[in-house]
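See below for the structure under consideration.
Keep in mind the model is a prediction, meaning the values are calculated, not measured. Position 1 is the first residue of the sequence, and the numbers go up from there. These numbers come from the heavy atoms of this one structure, side chains and all, not from hydrogens, waters or symmetry mates.
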Amino acid sequence: MQWTLVIPLKPLSRAKSRLSDTAGDGVRPGLALAFAQDTVAAALSCTAVADVAVVTDDERAARALAALGARIVPDTPASGLNAALAHGAAVVRDIRPRTPVAALNADLPALRPAELAVVLGAAAEFSRAFLADAAQLGTTLLAAGPNRELRPEFGVDSRSRHRASGAAEIRLAGVDSVRQDVDTGDDLRAALALGVGPHTAAVSAGLLIPGS
């Protein structure tokens, strides 16, 4: 089974505010874009992925991610993360009605294509399934099989909310790169320890990150 991934990305000027203790206002937009570039590049290199759609209204991000091969979907609803994901999934299904769809966070700079393939392979066993983040509170991936609605419930405590919605939790070891999203300085240190992609490596090289 080959999947279409839907990746949401808010305007870079508003992205990653919780990284303010690690990256200044002038750096965070570039860092958020680097995360997304490494995420998209790894996703497109995954054997289980047919294509990637990025939902964003940020022109700079749209140009950079389209150059990597992503389809850009304007965030027409402009009503937050879950509305953007539902819209992106609908656009994808208009083009490929029976494609399995998975929502993936845009801040997985250490993402490994092989680990993503393992997660998507596990997701294929269920009508809807999700993977919890490294903190075990949030969600980094939500998958819906053919003819199934995505029904995203991302946000605070999304692990519990996705479980309550009926999605099966994917329980796998050895897929740390698919779990390690980056919201805080500690998250960035953890991602750097796993080994980030070239875009994040280049931007983070200019940051003083204690413990990294």
Side-chain angles (χ1 to χ4, degrees), residues 3-20 22-23 25-46 49-93 95 101-111 113 116 119 130-131 133-134 138-144 150 152-156 158 177-184 187-188 191 196-204:
W3 296 76
T4 295
L5 302 188
V6 180
I7 298 178
L9 183 63
K10 67 173 62 174
L12 298 176
S13 61
R14 296 192 282 108
K16 297 302 162 192
S17 59
R18 292 170 61 191
L19 277 171
S20 59
T22 304
D25 292 347
V27 176
R28 285 199 305 277
L31 195 57
L33 177 56
F35 294 165
Q37 288 173 295
D38 287 330
T39 300
V40 168
L44 286 168
S45 296
C46 176
V49 173
D51 60 349
V52 172
V54 176
V55 184
T56 188
D57 277 338
D58 191 289
E59 293 183 3
R60 176 186 175 193
R63 288 193 301 271
L65 298 174
L68 294 176
R71 176 187 300 125
I72 304 302
V73 177
D75 185 6
T76 304
S79 297
L81 175 59
N82 291 312
L85 285 169
H87 171 64
V91 169
V92 163
R93 287 267 172 82
I95 300 168
V101 173
L104 184 71
N105 287 10
D107 58 351
L108 299 168
L111 185 62
L116 178 58
V119 172
F130 72 94
L131 184 74
D133 64 9
T139 304
T140 56
L141 180 142
L142 172 68
L150 193 59
E153 294 284 350
F154 285 85
V156 177
S158 64
S177 76
V178 195
R179 296 185 187 274
Q180 190 56 68
D181 54 356
V182 177
D183 288 317
T184 68
D187 294 337
L188 181 53
V196 296
H199 297 93
T200 302
V203 176
S204 61

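- With values rounded to the nearest 0.5 angstrom, L188 atom CG is found 6.0 Å from L31 atom CG.
- A donor-acceptor pair is defined here as one N or O able to donate and one able to accept, closer than 3.5 Å; no such pair exists between the side chain of T140 and the backbone of D133.
- Contact detail for S13 and D58: the closest heavy-atom pair is N-OD2, 4.5 Å.
- A side-chain donor-acceptor contact under 3.5 Å links N82 to the backbone of F154.
- Between D187 and R18, the closest side-chain pair of non-hydrogen atoms is not below 4.5 Å.
- Looking only at side-chain heavy atoms (C-beta outward), V203 and L33 stay at 4.5 Å or farther from each other.
- Across A191 and V182, no two heavy atoms sit closer than the pair CB-CG2, 3.9 Å.
- Listed here is the closest heavy atom pair of L85 and A103: CD2-CB, 3.7 Å.
- Between P198 and D38 the shortest side-chain heavy-atom distance falls below 4.5 Å.
- In plain terms, the two heavy atoms of V49 and V52 that are nearest each other are CG1-CG2, 4.0 Å.
- The minimum heavy-atom distance linking D107 with F35 is given by the pair CA-CB, 4.0 Å.
- Paired with S177 under the rule side-chain contact (heavy atoms from CB on, under 4.5 Å), one option of L111, V196, V119 passes, and it is L111.
- Looking at heavy atoms from C-beta onward, L65 lies in side-chain contact with L9 at the 4.5 angstrom threshold.
- T56 is listed as a side-chain neighbour of I72, based on a closest heavy-atom distance under 4.5 Å.
- Looking at H199, its side chain never comes within 3.5 Å of a backbone N or O of T39 through a donor-acceptor pair.
- We find the OG1-CZ distance between T139 and R179 to be 10.5 Å, quoted to the nearest 0.5 Å.
- With rounding to the nearest 0.5 Å, the separation of CH2 in W3 from CG in D51 is 13.0 Å.
- The CG atom of L104 sits 12.5 Å away from the OG1 atom of T4 when rounded to the nearest 0.5 Å.
- Here S158 contributes atom OG and L81 contributes atom CG; the two are 9.0 Å apart, rounded to the nearest 0.5 Å.
- Counting heavy atoms from C-beta outward, L5 and L116 have side chains that approach closer than 4.5 Å.
- The two residues P29 and R60 come nearest to each other via the heavy atoms CB-NH1, 4.2 Å.
- Atoms CG and OG1, from L19 and T184 in turn, are 7.0 Å apart once rounded to the nearest 0.5 Å.
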